[in-house]
Structures are given as C-alpha cells and as structure tokens.
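Working notes for the structure below.
Because only heavy atoms are used, hydrogens play no part in the values below, and waters and symmetry mates are left out as well, while side chains stay in. A quick note: this is a predicted structure, and the numbers were derived from the prediction, not measured.
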Amino acid sequence: MTTTLSERVSQSAFDGSMLRVVLLMDLHEGAQQRFFEAYEQLRHDIASVPGHLGDQLCQSFANPSQWLITSEWESAPQYLAWVNSEEHAAQVRPLGACARSMRPLTFTVLRETGRRYEAPGRAPAARLQGAPRLGAGIVRHALTFTVKPGSEEKVAQILSSYDSPQARVDDHTRLLRTSLFMYGNRVVRAVEVEGDLTAALRHVSEQPEVRAVEHAINPYLEQDRDLADPESARMFFMRAALPAVHHVAAQGQQPPEVTRHALFYPAKPGCGPLVARFLARQDETAAKLPTSPVLSSTIFQRDDVVVRLIDVHGPADGRFAGGFGIEGPRRAAVLRRLLTGDPAAASDAPRPMTPITDRHAPARD
C-alpha cells in the first residue's frame, strides 16, 4: 500500500486550519473570585490580538474550583506568536497565581456542525483541517535557554552526567526519549512522550536526579530563576518552551542504524515563522524522495529561534545539503536571506548543534 505525504505529516502549524485551545485549571481554595477578575482583564487584553476569534470561560458544574477556558484562533502561527510573547507571560501571570495546576491543550478544527456554524458571515470551510492526521500517540516538545558565555563546557558536563529518570509516568504516559544539544551558549532539550506531555514534564521535574542537575546549572543561566518559587519556575519554563510546529516521518519500522542531528537556524528579527514554514516545505519535498536518508524531521520554533531535529539512516557524511532538503543555490539563497549572519558557519549550510546526550527509555517488558 502506498503511503501518502499527508500520512507522513503527523503535525503541522502551516496548513491554515483554525485552532481550538483548551486550558484546564484547578484553582487554589478561595481563589475563584480573584481568578474571575483576572480573566476579565485578560479577555479585554486578548480581544485585540491578531488571529483571536473569541473565547469562553466555563466553571465546573460539579466542582467550583475547576475551570475551563476555551479560545478559537484563525491559525496556529497566530496563536503561537501570542502564547510565546512576553505580553502573554505578563497577561497570564495573575491567572497562574490562582491555580494549583494548569493544563493547556491545542486542537486543529476538522469539522463544525450545528446552526451557529451555518450563520451568515462564518468563515468558509476551507479553513478547516482537510483530513485526520495519523500518528503513534507521541508528543514532541522542547525547551531552550542560554547560559553565560564561557560556561558552555561546564554546562555540557553537568547536563551529560546525570542518571536517566524513570521512564514510566503512569498507566497511560511514558517518557520515550530525551535529546540534548548545544550551539554556542544555547541549550536545546527535546523530549518525546507517549501519552500526556504535561504529566510527563511534571514527573521529570520531580525526579531527584533531574532536580540536582537543574540546581547545578542555575549559576550559569543567563536568565535568573528560583526553582523553590513555583511562580519563578513556571515563568522560566514558559519562556523556555520551544513548541514543535511540524513533524514528518517515514512509516513502518526504522532501520537499526539511525543517527539523530539537531540543526540551529537563528532567524533575522521577525523571520522565525518564515524559516519554520520554509523548512516544513523542504521536509515535505524530501519525504517524497525514496532515496532520502531522512527518516523523520521535527521543526521547533519560538519567535526567531528555529531548531530542526532530524533522524537519518546511517551517518550524515556530506549530505547536510541535499539529504536535508536545502539542495541547490536558489533554496540556499532563500534561507540565507532569512537567517542572521554567522562568520563561523558556512553561508549555504545548516548550523549543526553539538550533541550532549540522547537517552532512550528501556524497551517494555
């Protein structure tokens, strides 16, 4: 049976589909009124954000401490531009102070039914996701932060020396893989989770070996944080989030010899979304080639920081151009125009990151 490209792309922020965002919150005792007032301010602030179509605030019918905020966006890139901004961090801080837990979920919209969606003036159905995406139940996410120049070697040593946390989170969630790379003083930690990403990240943060590493690198971070202060920790990891915006992979069982690479693309101011979209198109083009060595590619993007995580069949050799979908002078020129200059990097090639660790969960019993 032939595998179509749409079946290989299990995630994409670039298909123009509307986005539904759901935020589940469990509030501290007695914080309901304070939370409601904070939301009243937020809803006025967010009303003018480009791409925001509307939102709803819901309180649990059975438990007054449980709340739900849903919002609708014209497209994923518009939502990501807001959620990754400093304005968003400031706007949601009062909400976060009221909550014991917050769980954000994002969904692209496939179908709409009912009279409210058939009213005059509704957007055309072309803005709906065309077909269900196929996947293996794996969620991909990354964190990125910078360390003080001159501390890179020490930080790499700390980040590569800890014991792996327990892979099993609960009956439904498992930590599958953690890959850590550096480029200059920038650190990128990518994780793959089977099940609930929020539960997995919470599980990892509570492990003694991970907490020890986080405390050990604190003196070297460019952005100060206090992990003993829940609000300080939450704001740090909110700013460090590097969401996956596109994933394409070959179907079927992977060959035994697989090498993972991370490529860093520092975009010019305001060009991060364009770089990510460009790379997504190149990945989809490469996925159509039976001779491509690329088995999977995930693009992570936040503002003007873009990282491409690639699994390759066999060693990379000299194939960082053609094998990774940036073949030919025209495509290379387009990418060069979108990136900041780096005298240490070849102008027509990606910028490989240095691998620090790549940890797999043990096979299931």
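In this structure, a donor-acceptor pair under 3.5 Å is present between the side chains of Trp73 and Ser71. Ser10 and Arg133 are not linked by any side-chain donor-acceptor pair at a separation below 3.5 angstrom, with hydrogens and angles left out of the test. For the residue pair Tyr220/Asn185, the side-chain donor-acceptor check at 3.5 Å is not satisfied. Side-chain contact, Glu37 with Gln33: a donor N or O sits under 3.5 Å from an acceptor N or O. In this model, a donor atom of one side chain and an acceptor atom of the other lie less than 3.5 Å apart for Arg308 and Tyr265. Neither side chain, Arg127 nor Ser17, offers a donor N or O lying under 3.5 Å from an acceptor on the other. At a cut-off of 3.5 Å, with distance as the only test, no side-chain donor of Glu214 or Asn218 sits close to an acceptor on the other residue.
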Arg202/Asp196 under salt bridge (charged side-chain N to carboxylate O under 4.0 Å, His left out): CA gap, chis, key distance, verdict: CA-CA 10 Å; Arg202 185 185 307 114; Asp196 184 353; over 6 Å; no
Give the intermediate values and the outcome of salt bridge (charged side-chain N to carboxylate O under 4.0 Å, His left out) for residues Glu222 and Lys148. CA-CA 5 Å; Glu222 287 198 312; Lys148 295 173 183 177; over 6 Å; no
The test is salt bridge (charged side-chain N to carboxylate O under 4.0 Å, His left out); show your working for Glu86 and Arg239 and say whether it passes. CA-CA 8 Å; Glu86 284 299 313; Arg239 291 189 173 101; 2.9 Å; yes
Test side chain to side chain contact (heavy atoms under 4.5 Å, CB included) on Arg189 and Thr357 and set out the steps. CA-CA 9 Å; Arg189 178 189 291 150; Thr357 63; over 6 Å; no
Would Leu53 and Met18 count as a side chain to side chain contact (heavy atoms under 4.5 Å, CB included) if you check the C-alpha gap in whole Å, the side-chain angles of each, and the deciding distance to 0.1 Å? CA-CA 10 Å; Leu53 299 176; Met18 289 188 295; 4.1 Å; yes
For the pair Arg43 and Asp55, evaluate salt bridge (charged side-chain N to carboxylate O under 4.0 Å, His left out) and give the outcome as yes or no after the intermediate values. CA-CA 8 Å; Arg43 76 182 183 93; Asp55 57 77; over 6 Å; no
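Panel note: side chain Arg302, backbone Asn84; a donor-acceptor pair is recorded below 3.5 Å. The main-chain N or O of Gly272 is found under 3.5 Å from a side-chain atom of Asp304 such that the two form a donor-acceptor pair. A donor-acceptor pair under 3.5 Å is absent between the side-chain atoms of Asp303 and the main chain of Val305, judged by distance alone. Here the side chain of His203 pairs no donor or acceptor atom with the backbone of Leu175 at under 3.5 angstrom. Looking at Gln78, its side chain never comes within 3.5 Å of a backbone N or O of Pro50 through a donor-acceptor pair. Looking only at distances, a side-chain donor or acceptor of Arg100 sits under 3.5 Å from a matching main-chain atom of Leu27. Panel note: side chain Asp26, backbone Ser101; no donor-acceptor pair is recorded below 3.5 Å. The backbone N or O of Ala244 sits less than 3.5 Å from a side-chain atom of Gln11, completing a donor-acceptor pair. Counting only distance, with no hydrogens or angles, the side chain of Ser232 and the backbone of Asp229 share no donor-acceptor pair below 3.5 Å. Judged by distance alone, with hydrogens and angles left aside, the side-chain atoms of Glu152 form a donor-acceptor pair with the main-chain N or O of Gly150 at under 3.5 Å.
Taking 4.5 Å as the limit, some side-chain heavy atom of Val258 sits within range of a side-chain heavy atom of Leu295. No side-chain heavy atom of Gln66 sits less than 4.5 Å from a side-chain heavy atom of Met25. Proximity of Phe107 to Leu19: side-chain heavy atoms (C-beta onward) are nowhere separated by under 4.5 Å. Residues Leu42 and Leu95 are in side-chain contact: their nearest non-hydrogen atoms beyond the backbone lie under 4.5 Å apart. Two residues are said to be in side-chain contact when any heavy atoms from C-beta on lie closer than 4.5 Å; Val294 and Asp283 fail this criterion. Side-chain atoms of Lys268 and Leu339, non-hydrogen and from C-beta on, never get closer than 4.5 Å to each other. Residues Val193 and Ile138 fail the side-chain proximity criterion, which asks for heavy atoms closer than 4.5 Å. Considering only heavy atoms from C-beta on, Arg351 comes within 4.5 Å of Pro266 through its side chain.
Cluster annotation: Leu279 and Leu80 are assigned to the same hydrophobic cluster (Ile/Leu/Val/Met/Phe/Trp/Tyr, side-chain heavy-atom contacts under 4.5 Å, transitive). Residues Val92 and Leu24 fall into different hydrophobic clusters, defined by Ile, Leu, Val, Met, Phe, Trp and Tyr side chains chained together at heavy-atom separations under 4.5 Å. Cluster annotation: Leu57 and Ile46 are assigned to the same hydrophobic cluster (Ile/Leu/Val/Met/Phe/Trp/Tyr, side-chain heavy-atom contacts under 4.5 Å, transitive). Using a 4.5 Å cut-off between side-chain heavy atoms of Ile, Leu, Val, Met, Phe, Trp and Tyr, with links allowed through other members, Val22 and Tyr39 fall into different hydrophobic clusters. Hydrophobic clustering places Leu227 together with Val147 (ILVMFWY residues linked when any side-chain heavy atoms are closer than 4.5 Å, directly or through intermediates).
Remark: of the listed residues Arg359, Glu209, Gln207, Arg359 is the sole one forming a side-chain hydrogen bond (donor to acceptor under 3.5 Å, both in side chains) with Ser164.
Here the closest heavy-atom approach between residue Cys98 and residue Pro94 is recorded as SG-O, 3.4 Å. Smallest separation of non-hydrogen atoms from Ala200 and Thr173: CB-CG2, 4.0 Å. Across Phe14 and Pro77, no two heavy atoms sit closer than the pair CD2-CG, 4.3 Å. Nearest heavy-atom pair across Met102 and Thr198 is O-CG2, 4.3 Å. Summarising the geometry of Pro273 relative to Gly270, their closest heavy-atom pair is CD-O, 4.0 Å, with the distance given to 0.1 Å. Across Ala156 and Met182, no two heavy atoms sit closer than the pair CB-SD, 3.9 Å.
Atom CG in Leu176 sits 9.0 Å away from atom CZ in Arg140 (nearest 0.5 Å). Between atom NE2 of residue His247 and atom CG of residue Leu309 there is a gap of 9.5 Å, rounded to the nearest 0.5 Å. Taken to the nearest 0.5 Å, the CZ atom of Phe181 stands 8.0 Å off from the CE atom of Met353. In this structure, the separation between CG on Leu23 and SG on Cys58 is 11.5 Å, given to the nearest 0.5 Å. Note that NE2 of His246 and CG of Asp15 are 8.5 Å apart. Values are rounded to the nearest 0.5 Å. To the nearest 0.5 Å, atoms CD1 (Ile310) and CD1 (Ile299) are separated by 8.5 Å.
A perpendicular orientation is assigned to the rings of His88 and Trp82, their planes being inclined by more than 60° (bins at 30° and 60°). Between Phe236 and Phe145, the ring planes lie tilted relative to each other; the angle falls in the 30° to 60° range.
Heavy atoms of other residues, nucleotides or ligands lying less than 6.0 angstrom from CD of Glu40 number more than 12. Atom NE2 of His172 has 12 or fewer neighbouring heavy atoms from other residues, nucleotides or ligands inside a 6.0 Å radius.
Between Arg8 and Glu284, no side-chain nitrogen of the basic residue sits less than 4.0 Å from a carboxylate oxygen of the acidic one, so the salt-bridge criterion is not met. A salt bridge links Glu72 with Arg20; the closest basic N to acidic carboxylate O contact falls under 4.0 Å.
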